[in-house]
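First the structure, in the form of structure tokens, and then the observations on it.
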Amino acid sequence: MKRGFAVLLVSLLLAVAACTGTTGQEEAPTRQGAAASRPSPFQDCAALTTAPGATGAPTPSPAGGGDPLPELTLNCFTGGAPVALRDVRGPAVVNVWASWCAPCRTELPAFQRLSERANGQLRVLGVNSRDSRAGAQSIGEDFGVRFPVLVDQGEALQRTLGRNAIPLTLFVDGQGRVRHVDASGALDDARLAALVRQHLGLAVSA
């Protein structure tokens with residue numbers, strides 16, 4: 001009798017496990033598919049190779065050094081032609097983020113406000129790192145993030161910079177040189193404005 005009960009119990013457990021596994025496999029692609037079918041909340045990347053303000057004159061940069069942006073080519077979240085980072089025209093603030101990163105979620109609205117207050121002086125660009133498309137899209141929708149976003153599933157930018165943690169923010173001057181890399185944690189409006197003034201020589205309201 002005990003043996004019969006054990007066989008019955010094992011059969012029931014296998015049936016439940018099979019059901020749970022099938023449901024999980026069906027739901028994940030459905031969520032991804034639903035995100036892919038919605039319009040992207042982010043802007044496209046077509047204008048990234050045009051200087052902010054499109055005045056035709058290079059933007060003055062503070063005196064000092066700085067390395068050029070890494071030689072990497074990343075896909076745009078909205079599709080279209082891949083973007084070579086070295087072709088991105090500064091001044092620019094490049095924020096590396098992911099939907100699963102709590103400090104990233106905290107600071108993303110401040111980056112969106114910076115992009116709105118910049119008045120053509122600089123551009124804000126996101127790099128979504130090691131994230132799902134559905135997660136990134138949901139964050140864009142929920143937090144009202146509209147600036148262009150590149151996709152870096154392999155953390156190539158972080159590896160090139162020798163950085164592991166995110167959020168990570170690069171301040172890039174008008175000649176495409178990285179003047180500062182900030183990894184201090186979630187940035188707010190006042191801190192962002194101060195960093196832009198200090199490293200890019202631009203006054204943006206907080």
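Quick note: numbers below take in every heavy atom, side chains included, and nothing from hydrogens, waters or symmetry partners. No experiment lies behind these values; they were computed from the predicted model shown.
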Worksheet, complete the sentence: dist Ser115:OG -> Leu125:CG (nearest 0.5 Å) comes out at 11.0 Å
Worksheet entry | Main-chain N/O of Asp131 paired to Gln153 side chain as donor or acceptor, under 3.5 Å | yes
Response to the item:
To the nearest 0.5 Å, atom CZ of Arg163 lies from atom CG of Leu170 at 8.5 Å
Fill in: Electrostatic pair Arg113-Asp189, nearest N-O below 4.0 angstrom
yes
Worksheet item: Side chain of Trp100, backbone of Arg130: donor and acceptor closer than 3.5 Å?
Response: yes
Discussion item. Does any part of the side chain of Leu72, heavy atoms only, come nearer than 4.5 Å to the side chain of Arg86, both counted from C-beta?
Written reply: no
Worksheet, complete the sentence: Looking only at heavy atoms, the pair that brings Pro82 and Thr73 closest together is CB-CG2, 3.5 Å
Worksheet item: Taking the side chain as C-beta and beyond, is there a heavy-atom pair between Phe171 and Val196 under 4.5 Å?
Response: yes
Worksheet item: Rounded to the nearest 0.5 Å, how far does CZ of Arg177 lie from NE2 of His199?
Response: 14.0 Å
Worksheet item: Are Val127 and Val151 linked, directly or through other ILVMFWY residues, by side chains that come within less than 4.5 angstrom of each other?
Response: no
Fill in: Least distance between heavy atoms, Gly135 atom then Ser132 atom
N-OG, 2.9 Å
Item to complete: Locate the shortest heavy-atom distance separating Ser138 from Arg38; write the atom from each residue and the value.
Response: OG-NH2, 4.0 Å
Worksheet item: Is it the case that one hydrophobic cluster holds both Leu202 and Val181, taking links as side-chain heavy atoms less than 4.5 Å apart, direct or via other members?
Response: no
Fill in: Non-hydrogen side-chain atoms of Phe147 and Arg123 separated by less than 4.5 Å
no
Worksheet entry | Derivation and outcome, side chain to side chain contact (heavy atoms under 4.5 Å, CB included), residues Arg117 and Val204 | CA-CA 7 Å; Arg117 294 168 179 159; Val204 178; 4.0 Å; yes
Worksheet item: In Å and rounded to the nearest 0.5 Å, what is the CG to OG1 distance from Leu157 to Thr160?
Response: 6.5 Å
Fill in: side chain to side chain contact (heavy atoms under 4.5 Å, CB included) between Val172 and Arg179, intermediate numbers included
CA-CA 6 Å; Val172 183; Arg179 305 304 294 267; over 6 Å; no
Discussion item. For Asn95 and Glu107, which I'm curious about, is there any donor-acceptor pair between the side chains at under 3.5 Å?
Written reply: yes
Worksheet item: Between Arg191 and Asp188, what is the shortest heavy-atom contact and its length?
Response: N-OD1, 2.9 Å
Item to complete: Output the distance between atom CZ (Phe143) and atom CD (Gln112), rounded to the nearest 0.5 Å.
Response: 12.5 Å
Discussion item. With heavy-atom distances below 4.5 Å as the criterion, would you say the side chains of Phe111 and Thr169 are in contact?
Written reply: yes
Discussion item. Give me the atom names and distance for the closest heavy-atom approach of Ala190 to Ala206.
Written reply: CA-CB, 3.9 Å
Worksheet item: When the ring planes of Phe77 and Phe42 are compared, do they come out parallel, tilted or perpendicular, using 30° and 60° as the limits?
Response: perpendicular
Discussion item. According to side chain to side chain contact (heavy atoms under 4.5 Å, CB included), who are the partners of Cys76, at least two apart in sequence or on a separate chain?
Written reply: Cys45, Thr78, Leu150
Worksheet item: So do Leu187 and Leu195 actually touch side chain to side chain, heavy atoms under 4.5 Å?
Response: yes
Fill in: Leu48 with Leu69, same ILVMFWY side-chain cluster at under 4.5 Å
yes
Practice prompt. Check whether the side chains of Gln137 and Ser40 place a donor and an acceptor atom closer than 3.5 Å, and report yes or no.
Written response: no
Item to complete: State, with a plain yes or no, whether a side-chain heavy atom of Pro70 is found less than 4.5 Å away from one of Leu161.
Response: yes
Worksheet item: If two hydrophobic side chains count as joined below 4.5 Å and joins carry through other members, does Val94 share a cluster with Val145?
Response: no
Worksheet item: Side-chain contact, heavy-atom cut-off 4.5 Å: Glu116 with Arg146?
Response: no
Worksheet item: Just checking, is any N or O donor in the side chain of Asp152 or Ser129 under 3.5 Å from an acceptor N or O on the other one?
Response: no
Discussion item. Taking the side chain as everything from C-beta on, heavy atoms only, tell me whether Leu168 gets closer than 4.5 Å to Trp97.
Written reply: no
Practice prompt. Please lay out, stage by stage, how Thr49 and Asp87 fare under the test side-chain hydrogen bond (donor to acceptor under 3.5 Å, both in side chains).
Written response: CA-CA 6 Å; Thr49 55; Asp87 290 341; over 6 Å; no
Worksheet item: Rounded to the nearest 0.5 Å, how far does CG of Asp173 lie from NE2 of His180?
Response: 14.0 Å
Worksheet item: Donor-acceptor pair, Gln158 side chain versus Asn164 backbone, under 3.5 Å?
Response: yes
Practice prompt. Could you tell me which non-hydrogen atom of Ala186 sits nearest to which non-hydrogen atom of Pro167, and how far apart they are?
Written response: N-CG, 4.5 Å
Worksheet item: Does the pair Leu114 and Val93 meet the rule for a side chain to side chain contact (heavy atoms under 4.5 Å, CB included), with working shown?
Response: CA-CA 9 Å; Leu114 175 65; Val93 175; 4.1 Å; yes
Item to complete: I would like to know whether Leu122 and Val124 meet side chain to side chain contact (heavy atoms under 4.5 Å, CB included); could you show each step before the answer?
Response: CA-CA 7 Å; Leu122 60 82; Val124 175; 4.1 Å; yes
